[in-house]
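Note sheet for the following structure.
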Amino acid sequence: MSRIAYVNGRYLPFADAKVHVEDRGYQFGDGVYEVCEVRAGRLIDERRHLERLKRSLGELRIRMPMSTRALGIVMRDVVARNRIGYGIVYLQITRGVARRDHAFPPPQTRPSVVVTARALNKARNEALAEQGISVVTVPDNRWGRVDIKTIGLLPNVLARQTALERGSRDAWFIDARGIVMEASSANVWIVTSTGTLITRHADNAILRGITRTVLIDAIKAEGLTVEERAFTLEEAYGAREAFITSASQIVVPVVRVDDRIIGDGKPGRVALALRRAYHRYAEAG
Ligand code: PDD
């Protein structure tokens with residue numbers, strides 16, 4: 001079956017799904033995106049993802065090309081047209097097509113909208129979670145507004161490539177003071193040796209993950225506690241558990257960081273319990 005993409009109002013076979021060479025996303029990385037999980041053909045946490053999208057656009061002063069309701073309809077259409085049961089839907093909005101000039105284009109310039117969807121291998125993801133992953137650490141050399149989900153992901157791309165070249169699955173960004181910021185496309189959590197669950201507070205220096213937000217709510221609803229604060233790489237090395245969270249993988253245990261084994265080197269109890277519990281607290285559209 002050929003894949004279908006939505007591009008500026010049209011549903012097109014992938015081969016014809018193209019954007020202009022002067023699209024500002026292509027030339028400047030001047031755009032934002034969202035990734036939503038799809039489960040049993042339904043969008044997970046759509047409302048929160050679209051709220052964050054709206055915020056990202058607002059921070060960059062790109063106008064909403066259509067209502068969040070209409071964007072939701074397009075996303076669901078793309079999922080249905082591609083017959084995705086389990087996978088992800090990707091939505092990208094850029095400042096549109098205009099003659100190359102750093103300053104904003106004329107106000108009538110229409111933002112470009114692209115939506116694609118892709119099936120993921122559920123068995124492979126489950127196996128990964130049961131096994132746990134290893135990560136490497138890299139210096140956080142990103143700009144100061146990574147709370148905005150922009151398509152400018154060069155440091156993230158380089159970090160992930162470094163991880164793969166060192167035989168690991170992912171990379172964690174560490175700031176100049178040794179604080180664990182986030183992974184290349186996920187948030188980071190640890191359970192300390194005394195059993196405290198910690199994830200870094202969300203400010204301008206990390207992305208406020210939707211998976212992170214839903215899990216924090218879930219943990220509180222269960223009467224448990226989570227500390228939202230900075231933690232160092234040293235604390236992470238000595239942790240009982242570590243894991244990462246994102247819409248595409250939900251919760252993935254981390255069993256090695258650089259050359260240090262975390263806990264007993266197996267996925268932790270808390271990580272696996274949160275992974276199992278997630279969809280009881282998430283919104284399914
Ligand atoms: N990444 N931090 C970064 C840098 C991310 O890129 C992501 C998501 C997250 C987790 O956010 P959420 O829980 O809302 O997915 C944290 C997506 C999945 C991606 O780039 O593919």
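One-based numbering, in listed order, for ligands and for the atoms of each. The structure presented is a predicted model; accordingly, all values stated were derived computationally and were not measured.
- In this structure, a donor-acceptor pair under 3.5 Å is present between the side chains of S134 and S168.
- In this pair, Y11 and Y6 present their aromatic rings perpendicular. The plane angle is above 60°, beyond the 30 to 60° band.
- Which of N187, I151, I250 comes nearest to atom 10 (C) of ligand 1 through a heavy atom is settled by distance: it is N187.
- Remark: R260 is positioned above the aromatic ring of Y237, its terminal NZ or CZ atom under 6.0 angstrom from the ring centre and at most 45 degrees off the axis.
- On a distance-only criterion, R52 and ligand 1 share at least one N/O pair closer than 3.5 Å.
- Among all protein heavy atoms, the one lying closest to atom 20 (O) of ligand 1 is Y33 OH, 2.7 Å.
- Close N/O approach between T245 and ligand 1 is not found [any backbone or side-chain N/O within under 3.5 Å].
- Residue Y90 places no heavy atom under 4.0 Å from ligand 1.
- Looking at F243, F231, W172 one by one, the single match for ring-ring contact (aromatic ring centres under 6.0 Å, His included) with W189 turns out to be F243.
- Nearest-residue assignment for atom 1 (N) of ligand 1 (options H49, R48, K149; heavy-atom criterion): K149.
- Looking at I210 next to ligand 1, an N or O pair under 3.5 Å apart turns up.
- In terms of N/O distances under 3.5 Å, ligand 1 is approached by A247.
- Between E182 and ligand 1, at least one pair of N/O atoms sits closer than 3.5 Å.
- Scanning the protein for heavy atoms near atom 21 (O) of ligand 1, the closest one is V35 CG2, 3.6 Å.
- For atom 11 (O) of ligand 1, the closest non-hydrogen atom of the protein is G209 CA, 3.3 Å.
- Residues passing the side chain to side chain donor-acceptor pair (under 3.5 Å) test with T194 are T192, sequence neighbours excluded.
- In summary, the atoms of ligand 1 found under 4.0 Å from a heavy atom of S184, numbered by their order in the structure, are 4 (C).
- Between D30 and T94, the side chains place no donor N or O within less than 3.5 Å of an acceptor N or O (distance only, hydrogens not considered).
- Geometrically, ligand 1 and T211 share a nitrogen or oxygen pair separated by less than 3.5 Å.
- Inter-residue side-chain proximity for R3 and R81 is flagged as unmet; no heavy-atom pair is nearer than 4.5 Å.
- In terms of protein heavy-atom proximity, atom 6 (O) of ligand 1 is closest to S185 CA, 3.4 Å.
- With F28 as the aromatic partner, R95 does not meet the cation-pi criteria of under 6.0 angstrom to the ring centre and within 45 degrees of the ring axis.
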Show me the donor-acceptor pairs within less than 3.5 Å that the side chains of residues 48-57 make with the rest of the protein, sequence neighbours left out.
| from | atom 1 | to | atom 2 | distance (Å) |
| --- | --- | --- | --- | --- |
| R48 | NH2 | D217 | OD2 | 3.2 |
| H49 | ND1 | E34 | OE1 | 2.7 |
| H49 | ND1 | V35 | O | 3.4 |
| E51 | OE2 | R47 | NH1 | 3.1 |
| R52 | NE | E34 | OE1 | 3.4 |
| R52 | NE | E34 | OE2 | 2.8 |
| R52 | NH1 | R208 | O | 3.0 |
| R52 | NH2 | E34 | OE1 | 2.7 |
| R55 | NH1 | D147 | OD2 | 3.3 |
| R55 | NH2 | D147 | OD2 | 2.8 |
| S56 | OG | R52 | O | 3.2 |
| S56 | OG | K149 | N | 3.3 |

